[in-house]
Amino acid sequence: MRWAKSQGGVVGYAHSASGLQIEPERAAQRLMNTLDQNQDQLLTLEETQQALLPLPFEQIDEDRDQALSKGE
């Protein structure tokens, strides 16, 4: 911190990240809104190629229908 302050930086101790939780339903809806190119409320493997998913597509696709629903 001394080095950063000597360079004119504003520094302090890291916070605990309290309050930075992800709300799964809202996160799922954001992904659906962003990635669902054909607006069918399902995401295909192709639609998710550029997405950062929490798990690999195959693990999220619980019903093995080759598409992700908002619930999945």
Side-chain angles (χ1 to χ4, degrees):
M1 284 195 336
R2 276 183 256 149
W3 176 85
K5 285 184 180 183
S6 73
Q7 303 298 309
V10 178
V11 297
Y13 294 99
H15 60 78
S16 67
S18 179
L20 296 177
Q21 303 88 330
I22 293 174
E23 294 181 32
E25 287 185 30
R26 286 186 179 184
Q29 188 61 56
R30 274 193 304 276
L31 280 174
M32 194 65 71
N33 293 344
T34 303
L35 303 173
D36 188 15
Q37 296 171 358
N38 61 4
Q39 302 296 305
D40 65 352
Q41 295 300 299
L42 295 171
L43 298 177
T44 63
L45 180 60
E46 183 178 299
E47 288 175 318
T48 63
Q49 286 301 302
Q50 301 301 316
L52 178 61
L53 299 176
L55 294 169
F57 183 94
E58 295 76 19
Q59 283 184 269
I60 300 171
D61 186 15
E62 294 174 354
D63 59 8
R64 306 290 183 241
D65 66 351
Q66 302 299 305
L68 303 181
S69 65
K70 185 177 164 188
E72 287 175 311

Item to complete: List in chain and number order the residues that pass salt bridge (charged side-chain N to carboxylate O under 4.0 Å, His left out) with R2, two or more places apart in sequence or in another chain; answer none if no residue qualifies.
Response: none
Worksheet item: Does anything in residues 54-64 pair up under salt bridge (charged side-chain N to carboxylate O under 4.0 Å, His left out), and if so which pairs, sequence neighbours excluded?
Response: none
Practice prompt. Would you confirm whether T48, through its side chain, and A51, through its main-chain N or O, come within 3.5 Å as a donor-acceptor pair?
Written response: no
Item to complete: May I ask you to decide if T44's main-chain N or O and E47's side chain share a donor-acceptor pair within less than 3.5 Å?
Response: yes
Worksheet item: Quick one: side-chain hydrogen bond (donor to acceptor under 3.5 Å, both in side chains) pairs with a partner in residues 30-40, sequence neighbours left out?
Response: Q29-N33, N38-D40
Worksheet, complete the sentence: Contacts of L55 meeting side-chain contact (heavy atoms from CB on, under 4.5 Å) (sequence neighbours excluded), chain-then-number -> Q59, I60
Worksheet entry | Residues which pass side-chain contact (heavy atoms from CB on, under 4.5 Å) with L31, listed by chain and number, not counting sequence neighbours | L35, L53
Worksheet, complete the sentence: Heavy-atom nearest pair, A28 first then K70, reads CB-O, 3.8 Å
Discussion item. Quick check: closest heavy atoms across A4 and V11, and the distance to 0.1 Å?
Written reply: CB-CG1, 3.2 Å
Worksheet entry | Co-members of V10 in a cluster of I, L, V, M, F, W and Y side chains, linked at under 4.5 Å | none
Worksheet item: When clusters are formed from ILVMFWY side-chain contacts under 4.5 Å, directly or step by step, what else is grouped with W3?
Response: none
Discussion item. Q66 vs L45, test: side-chain contact (heavy atoms from CB on, under 4.5 Å). Steps then yes/no.
Written reply: CA-CA 7 Å; Q66 302 299 305; L45 180 60; 5.7 Å; no
Worksheet item: Has Q7 got more than 12 heavy atoms of other residues, nucleotides or ligands less than 6.0 Å from its CD?
Response: yes
Fill in: Q50, CD: over 12 other non-hydrogen atoms inside 6.0 angstrom
no
Item to complete: Is it possible for you to say whether L68 and M32 belong to one hydrophobic cluster, with membership spreading through side-chain heavy-atom contacts below 4.5 Å?
Response: yes
Discussion item. I'd like to check the side chain to side chain donor-acceptor pair (under 3.5 Å) partners of D65; sequence neighbours left out, ordered by chain and number.
Written reply: none
